[in-house]
Amino acid sequence: MSTHDHYHPPGLQHQFEDMKQQEESVSIGMWAFLVQEIMFFGGLFTAYLVFRSRYPMAFAAGSNHLDAFWGGLNTLVLIVSSLTMALTVYYAQKGNRNMQVILIIATMFFGAVFLGVKAIEYSDKFNHGLVPVAGLNHKSKAEEPAAKEEGKTAAGEKHEPNPRGEFQWTGENYEASVKIITEAHEKKYLTKYEEVGYYSNGELDQNKVRDKVRIFYWIYFVMTGLHALHMIVGLGLMTWLLIMAWRGTYSADYYSPVEISGLYWHFVDIVWIFLFPLLYLLGRHFMHGGGH
Amino acid sequence: MQSTSWVPLFPDQASTFAWQVDYFYFYLILVSVSFAIPIVVAIFFFAIKYREKEKFETPEEIHGSMVLETTWSIIPFVISMTIFLGGAYLYFQQYRPPADTMEIYVVGKQWMWKFQHGTGQREINELHVPAGRNIKLMMTTEDVLHDVFIPAFRTKADVVPGRYTTLWFNATTPGKYHLYCAEYCGLNHSGMGGWVYVMPQNEFDDWLAGGGSNQTPVELGKDLFTNKLGCASCHAGGQNQRGAKLEGLFGTDVKLTTGQVVKADEEYIRNSILNPSGQIVEGYQPIMPTFKGQVTEEQLVGLVAYIKSLGSPNAATSTTAAPTTNAAAPSANTKPAATPAAPASNQPAPKKK
Amino acid sequence: MTYITNGFTLKSWLLTKDHKRIALMYLIAVSVFFLLGGLYAAAIRLELLTPQSDLLESGSYNKVFTQHGVIMVFFFLIPAIPAVLGNFFLPIMIGAKDLALPRINLLSWYIYMIGGSLTLYALMQGGVDTGWTFYTPYSTTFSNGYVMAVGLGVFINGFSSILTGLNFIVTVHTMRAPGMTWFRLPLFVWANYATALVMILGTPVVAITILLLALERVGHIGIFDPSIGGDPILYQHLFWFYSHPAVYIMILPSMGVISELISNFSRKKIFGYEFIAFSSIAIAVFGFLVWGHHMFVSGQSMYAGMVFSFLTMVVAVPSAIKMFNWTATLYKGSVSYDTPMLYALGFMGLFLIGGLTGLFLGSMGLNVHLTDTYFIVAHFHYVMVGGTVMGYLGGIHYWWSKMTGKLYSEFWGKISAMLVFVGFNLTFFPQFILGYQGMPRRYAAYPEELQVLNIFSSAGASVLGLGLTLPVMYLTHSLIWGKKAPANPWMLPGLEWRIPSPPPTENFESTPVVTWEAYEFGEENGLDLDEARKRDLATV
Amino acid sequence: MAEHHDIEHTEAHKEHIGLPGYFAVFGVLVVGTILTYFVATIDLDSILFPGANTLVALLIAFTKMTCVILFFMHVYWQSKMIWLSAVAGFFWMAIMFAYTMQDYLTRVTGTFNP
Ligand code: HEA
Ligand code: HEA
Ligand code: CUA
Ligand SMILES: [Cu+2]
């Protein structure tokens, strides 16, 4: 075996014998890390599964208020960024510095667009009082008698008065969920948990429905929030990659950091591939197809 | 405490499950011992017989044996299956109530148990049940998880907020048995217990009919206060008490959160028990539960008498209530005269028997 | 130049990427936590001397046992063997210069320290009183302890565990020396590999669970709170999905140590090598399928309980296989009674009792009576203290000369091993009886008729405490006054015994080529026995 | 050292489906996204069977995921070890789902929420 003072290729760490060993190690390490990530999100998916199987109608109602346009757009954006990332690796393998730099910038751009869209969606939830944590919503004053006469707030838009920024499930939103739930109730589609979960003394109970919908929003925020956090970390990774690629560090012989970062980026993409249908789409047909 | 158990250091056996669980326990001990003894003997025997005789000597090599490996995988597996099946059988018995049961409602609350019989009788931290009847507890809790645990019956079940869980048993032997809360529930978890009284059916019927007690009101009040109603869990003193200090309360002026000052007379104490949130003492949280509907008039009298006996400012040690306060009590209470019944301070706690 | 003399500045330690230095840093940190956890244990036992809650009123008692549990489990037992002994010896045993990802290794130590400090900070601020299981809704809504801070500490600490596991997996896959095939790996390596699998697959789940708990506590949204539509039992599922496998994170490395000790101190190839190796993997895998046995009385479905109980029985079998193979290894061996071996024999006895009582608990009908009583407390101390701590101490003694280059006093070593064994049994055996009599756990006050056994238990704890304090003293003593250790004091074949004590920074002068099986005491192992005998005689 | 390592370390490491291949995968992903959106607006539950919408949505998501993993993440050309870890992660998550749901789906007593 080689002695210690043999030729060290750039980027070879001291504990390894050669580049191959290092690359293998890094790649297995990254995959082990991804397994870890899967289990991390897995806990949330379990929570989703449990609550959706209990309160499907409340989830449908909550889901219907999410804007599938933005969600779909974001899915496309992420897919494009996944493509540019895959191409980055491709060109790194080819040792093409310029393409690498361009594609990393493109990937970062799309990542940023994704986060921008998320921000738009979040602020929409904020304005509509759909953030499930009390106090974190848009606080609109209880309507002044004068404003009440007009029926409009200053912004010209109808706002539910929400002085303490609580979670709101009122107005049209609530009406829509009433429609779905009553219909499902009549057709006996409600689970036994829903029968007691939405009704008090045989009447649909607004507070109870709100609580279940809030659980949906809570899961929505935690899942998409953690996903966004991963995107932010990914952007940091990309910045570092950009600098290194700019300096021309990567060549056909040494590109494993690019590959590894790529794995991470694709993983984050995969999570979204599942979040999109689970959060935005399931239950949509109740709205369009008019119930069962 | 009388012991119905025939093994030393063993809990009482007072339900139909008890002997089943015990026999199964003995079976497991038997299994354990019959595995442990050979293993331990073998370890000792080998370790001594084959101890190192010459420094660093290298004994002969022994290769593994497939036969042995298979044997000692299969035998434990088979035995463990008997353990599983036996356990599952017992469990299904314990967790599936039979059809003809007498239902009792149980509500857990930090840190007391409230029971309500089908006949409307309510109890706190005590449960009276007839022997030889299938009894089903329908249980829930107002706050956190608790767990009804009656060792003598070899059964327990968690009490979960927001839903009902059930527990059933058939008590065989009259007597008085521990009732514990076995799921950690916060500060006074270890105090959240009481007693289960198993009585023959006829005595139970008497009890249901309200079999009178021959305690004095102060004794009765003290018993209610420390045991039956669990007042002591908040009012017992000590640094962590959440309830107001009651010693020396009677006859003083109490400042409420509203800023009002009221006199602590019988009326006030009575209202504090029946409608606690109506008058919150300054510096305390409105957490005291109402006892309306849970205490009879007679018990109320006892409680008031007991709290009075805890001492008033102008009767430092002797607790005979000052005549002034007595006179100043335009109580709706029917028996004000019962109050200074006995110098409660040297009254030993009614021993639980 | 040894790894210890390679730089004396604080910086050379705090920024080191040497797995051996990181292991020592872990050793110190872990010991401090163990001491602290032990102090809490002492407080528990003192309070339980009398039936009333007099020494500590129940509020403080609740904090004391919670903090005892949290510290012992998350900050002592889980990192103890992997992060100290595994970190130090896993690379050496497979003939590598270091772990595959040294920077990640250092990072894991820092994460551990951050998580630990946060927890300590929370304890100083007032502590928590939820029990180490943080059951909801008490922890989310009712407790006014520092649940958030401690939860965050545990959350952060989880990632240190994940990184250690990740590193081990990569290292075992890619860093083995030429000739070191999978079936020549020492069993300690197999055990740590299996542990690493559990760490990677399980720990993230507890991390997310604690995050959910924290969010629930700030936001009060209702996922675990039934009053607004949640389910507290979901918390228990998620928690035990990790925390049952976590008990195997605790025991598997210790079993690895025991395999080393039993085989090496019988100077004989271990009996049924493959069976022991694969049983570790089997425990790691099947250990994930049994978590519901902690929830038999929780309100979980009976049928789910049945599946979990069945699988619990199944995972007991691989442990049984290990027990039998260890015993068979002694047969016709050449058994010596050095301190590490005494710990190993102690482990066998105590883990046996702990494991068998695990079967009592895994059987549903008995579990109903026994759960949440002192029977459980006794069970898990038998496996965690009688099992893991014994294995850990055995390992520390076994490798002490290699880690520090110094020999400790055999005399005191044997005394302390005996004291620990006796004290341990005195402390925890009475608790089985207490448990069957129905003494619930987490009780600051208990009925008077149970006092006698509790006094026994507390008395045993002081013997145990003494037994555990001795090693701290004579091991520290040996650092300064101890005799210099030879490279291979017991003439053992493992790779770690073929390098100097303490090892040089790069471990091996040149990458070793392995031509012998694990635990090869025959001619093929290339060791010169006569040479060793002479040296041994010279030192006597 | 290479002789016993778990990863076959050959030039295979650099294999990929080439530019057209990448764009083809990209195409599949885009089509999948659009498809999943439109399918979601159709009430398959009443046309086919209850749960059909969920099933279809998940099937599409799985297909997309498989494409990404195999081609963008190069698993298709990787060693068994990598295949195994990719599968293991999802398998373990499935275990968590299955064993948790076996409780929720078989509970006899007790509904939650008052
Ligand atoms: C190191 C940690 C460790 C280990 C290794 C184990 C090992 C086992 N544990 Fe334990 N356990 C804990 C730590 C551990 N446990 C802790 C901390 C708790 C409490 C948590 C809390 O609530 O705070 C707990 C609680 C606990 C419970 C829940 C009790 C309850 O809350 O109601 C159960 C129930 O099944 C259980 C079972 C088992 C079993 C079957 C094993 C098996 O793996 C044991 C296998 C070993 C053997 C069986 C012995 C050797 C075999 C033979 C000699 C052959 C004979 C064998 C047969 C016939 C099969 N344990
Ligand atoms: C690794 C795990 C571990 C260890 C080692 C111990 C060790 C001990 N434990 Fe603990 N215990 C738990 C894990 C552990 N415990 C857990 C998880 C719980 C449940 C908590 C809960 O319910 O939430 C528990 C609960 C628990 C209870 C039940 C409390 C209750 O339910 O009310 C009791 C009661 O006796 C107890 C006692 C002891 C004793 C006497 C020891 C003794 O073995 C301790 C002896 C140790 C010492 C005396 C310290 C000596 C050490 C040194 C001197 C080394 C120091 C080093 C340096 C100075 C560098 N423990
Ligand atoms: Cu109630 Cu413990
Ligand atoms: Cu377990």
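Throughout, a chain's letter reflects where its sequence line sits, starting with A, and its residues are numbered from 1.
- Heavy atoms closer than 4.5 Å to chain B are found in the side chain of C:V317, but not in its backbone.
- With a 4.5 angstrom heavy-atom cutoff, C:Q236 touches chain B only via side-chain atoms.
- Checked against the 6.0 Å centroid criterion, the rings of C:Y61 and C:F65 qualify as a close aromatic pair.
- For chain B, the nearby parts of C:F324 are the backbone and the side chain; heavy atoms of each come within less than 4.5 Å.
- Both the backbone and the side chain of B:I29 come within less than 4.5 Å of a heavy atom in chain C.
- Interface residue C:K269: only side-chain heavy atoms are found under 4.5 Å from chain B.
- The main-chain N or O of C:F308 is found under 3.5 Å from a side-chain atom of C:T312 such that the two form a donor-acceptor pair.
- Proximity to chain C (any heavy atom under 4.5 Å) is shown, for B:I79, by neither the backbone nor the side chain.
- For B:F149, the part lying under 4.5 angstrom from a heavy atom of chain C is the side chain only.
- For C:F275, the part lying under 4.5 angstrom from a heavy atom of chain B is the side chain only.
- Closest heavy-atom contact between C:V297 and B:K156: CG1-O, 4.1 Å.
- When heavy atoms are compared at a cutoff of 4.5 Å, B:C185 approaches chain C solely by way of its backbone atoms N, CA, C and O.
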